[in-house]
Structures are given as structure tokens and as C-alpha cells.
Number of protein chains: 2
Amino acid sequence: MPRPVPRSRRERPAKPALNRAVIIDAAVGVLESDGIGRLTMRRLAEELDTGPASLYVYVRSTTELHALLIDRLLATLDLTWDGRSDWRHRLRSLLTDYGDLLMANPGLADSALVTWPQGPNYLDLVELMLRLLSAGGAPPARAAWGVDVLLQQATAMAAEYGGRGRSAEGQDVADLLAAFEDASPQRHPLLTALGAQEMVGGERGERRGWGMDVTISGIFATPRPGE
Amino acid sequence: MPRPVPRSRRERPAKPALNRAVIIDAAVGVLESDGIGRLTMRRLAEELDTGPASLYVYVRSTTELHALLIDRLLATLDLTWDGRSDWRHRLRSLLTDYGDLLMANPGLADSALVTWPQGPNYLDLVELMLRLLSAGGAPPARAAWGVDVLLQQATAMAAEYGGRGRSAEGQDVADLLAAFEDASPQRHPLLTALGAQEMVGGERGERRGWGMDVTISGIFATPRPGE
DNA sequence: ACCTGAACACCGTTCAAGT
DNA sequence: ACCTGAACACCGTTCAAGT
């Protein structure tokens, strides 16, 4: 019969044994409470009630930590397709969901832009995109490059009008607007005629949807060299 | 008649007066000698023989410093067009030059990806791209969004197979390859059939050229909503 | 106005020493 | 094998005080 756990150990749950899963769970917690800007080895160690050195037994670097975190977040996406609904519509909704996920936390898209995701959910996402492009008639080798281009674009768009909009991450939209307002009518007639607002602005959903259509159409219009 | 400068002041040139231009010049020096990863306020202050606090009189933040640096580097590009040569060819060569510039220094493209350039040369680049897209027949509003998409893509491509290839920046290509090799034939049949090499590899120039053509074709094939 | 020493509040990563 | 205290070598930014 087990002896009763001493009160001091029951009051707060015992420090959980460290492992990769526990660390990534804690990382999600820090992301949600503090933002990715504070998702550091030291902050995470504090959360887990240990020292930063302990994390290096399970995670190679801060970059790997971010890659694992992003993969973990992908698990919340719907990565299925019934194979019958319109492939193009499904591809758009998938990329939209992915972008929304990255925009939900300020700075997350910026991080995703320079970090290659790493984990099972990322593979599922890529596989689904390959299926959808194949369903549309893309030859496999072209679909392979197409996935890369589409993901890169979705991530970049999320970074551009997601997190940085009203953030504490350094620059904001006002800076970009101000930069365009330095355009000179003599030297930059087209830019001046369009106006800063036209360059930067636009309804987010429209702009994003247009970008996706550009790339999807382009993929189907452009054979790979030697294809 | 001026008194002779004391020997101790002549041995090494006098500390230059600080100003924006001097700071950006020094930043280029640090970029070339140490890489952008070490282009910090502290390292730059050391180069200028002062303390970091002094730089804040001229530069608002490290992000602004990087934005100014990137604009400065753009000055080395050929941003002219005679208006007669093939617009599409010129657009491709412009984007290629821009990508090469970012790939010349490891980590630079990563930084450009999350930093909006700021300065006169960036405006010249945008103006030229607007001219080229207009020459191809794009309506102005579509050209505006097209410039954004093209620059974002060129930067992302530079980041993807530029700097990180053989770098000390955290992840490298081998990690990405390894991630794809975890694909399971049951769960990821298309991915498995293609193979990691097909997803990640390919001759850099071909891949980049294909990506540009995809986007350029897509821009001309896709009207803006309500256009 | 411009400049700066010093401080505040952080970082990533390594490694010898412990259990 | 797993864990960690402590250290090393850095960061960005602010601010009171000087010139």
C-alpha cells in the first residue's frame, strides 16, 4: 500500500520530470503569456523551475526550440481533405488557416520566417499541399517547388501585416508609411502617383487572397526548366 | 596660421564627429568584417571608439540601424533602365542582383526579411519595379501589390538558400533534409515518393528563376478584386 | 545640443561537478 | 544518464551628469 504523499509534496504538484514534450508544452505556455520575444531558454527554465543548462539535454538551441514550437502549433490546424471538395478552395483555406495561426501571436510569423519547422505536423502539412497541387494537375516535381513557394509566401504575408502592425517589435506600419512619403514627385513619379497608402494599405484579406491566387496561378502557368 | 597638430592627434586620425552617415559607414565595415550577427550597437560603438549610448542620438534602435544598412547596400545596385530593353528580362536581372546582394553576407537576408528597408535607395528600387511592371502592362494598383510580392519573395529565396547553407546561424540545410527524411511512406506517400532531395534541392539559379517566373506570370494573370 | 559612464535588465551556451 | 550552479561572453536601452 503506498504511503501518503507528504503534504509538502502534495501542495504544489511535484516538479515534472523533464523531457522534450514537457519542454514544448511549457514553451506554448510562455508563448501565450509572454509572447515569443520572451520565449528564451532562461525564461523557459524559470517556468520549469530549473536552470537553463538543463534544457540543453533535450533541445539543441533556441532555434530548435522555436522550430519545435511551430510544429506543435501546426497540430491545431485541420490537415485533412476529403479528396472531393474543390482542391483550390481547400488550398486557399489551408494557407489562410496557417497564416491566421502565425498572426495570432505577435512576432511568431517573424520567427517562422527564419526558422524551418521541424516535426511531424509540418510533414503532414507539406503532404497535404502536395496532394492538393497534384489534384489540380501539377506534375510532382513542380508541386514540390510549389509547396515551398506557397509556404514561404504565406509566412511572409503573415509577418508583413500580422504581428508588426501594432507591436512592440521595433518598426511598425507607420514607419513604412513614412518611408514611402519621402518619395519625390520628380524621382519617383509612379510611387508618388500611387501614394503611400496604396503601397502599404488595402484590406488584409483581399491582399492576402490576391497574393495566394497570384502564386497558385503562376505555379500552374510555369513549367519547371526541362519539364 | 594654424598651429601644427600635436603628434598624438596626427598618429591616428582624429575621432570622426558622429553623424548618421559616419555611423552607417562604420556599420558596413562591421558587416564585412564580422557579419551582421555581430552588428550590434555595442560592437559598432567600439568601432567608432565611443559608448553605445552615443549612437542613440542618431539611430533609434538596432532595427533602424539594420534598415539603414540595407538601404545603403542597395546603392551598389544598378537601379536604372533605358526603357527599351525587354522589361521582363530587366525585372529578372534586377531581382537576381538584389538576391545576390543579400546572399553575399550570411544572415543578411534573414535580417532583411524582418526589417523594412528605409531610405532613398529603397524608394528608387520600388520606383524602378513599378516602371517595369507598368511597361509590361500591369495596371498601377496591381503593380503596387506586385512589387511587394516580388520583393518579399526575392528576399525569402535569398534567405532560404543563401546565408543558412553553410552557416553558423543555427539550422542548416542538413537539418531540413533530415526533417524530410522522417516522412513515413504510409502517412506521407507523395513526400516519400519525391524524396527529401527533391523538396530541398535543385540548382539554386533554376529554382530562383522558376520562382520569379511563377510570381511574374501570376501577377499578370490575376486581376485585383474589383479591378 | 551633443555626448557618455554607468547601470539595469536581460541574453545563449558551456562545462565541471554533482546525483 | 541526467541534471545543474556558476561562469563566460555577450546583448539593447535608458538616464543622470557632464561639456
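The figures that follow rest on heavy atoms only: side chains count, while hydrogens, waters and symmetry mates do not. Model, not experiment: these values are computed from the prediction. Chain A is the first sequence line, chain B the second, and so forth, proteins listed ahead of strands; every chain is numbered from 1.
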In whole angstrom, give the distance that lies between atom CG of A/Leu44 and atom C1' of C/dT13. 15 Å
Hey, which of these two, A/Met41 or B/Ala53, hits DNA chain C nearer its 5' end, going by closest nucleotide? B/Ala53
Can you see whether B/Thr155 engages B/Tyr98 through a side-chain donor-acceptor pair at a distance of less than 3.5 angstrom? yes
Once you apply a heavy-atom cut-off of 4.0 Å, does B/Thr40 come out as touching a base, just sugar-phosphate, or nothing? sugar-phosphate
Using Watson-Crick geometry (N1-N3 plus N6-O4 or O6-N4) or G-U wobble (N1-O2, O6-N3), each under 3.5 Å, C/dC3 is paired with none
Measure from NE2 on A/His66 to C1' on C/dC11 and round the result to the nearest Å. 12 Å
Rounded distance in Å - CG (A/Leu18) to C1' (C/dT19): 15 Å
Looking only at side-chain N and O atoms, does A/Arg38 come under 4.0 Å of OP1 or OP2 in C/dC10? yes
Would you tell me whether A/Thr115 and A/His66 have side-chain atoms, one donor and one acceptor, within less than 3.5 Å of each other? no
Can a side chain N or O of A/Thr62 be found less than 4.0 Å away from OP1 or OP2 on C/dT13? yes
Only one of A/Leu65, A/Thr62, A/Ile23 passes side-chain contact (heavy atoms from CB on, under 4.5 Å) with A/Leu55; say which it is. A/Ile23
Pairwise distance CG(A/Asp124) to CG(A/Leu77) - rounded to 0.5 angstrom: 10.5 Å
Where the side chain of A/Val57 is defined as all heavy atoms beyond and including C-beta, which of D/dA7, D/dT4, C/dT4 is the nearest nucleotide? D/dT4
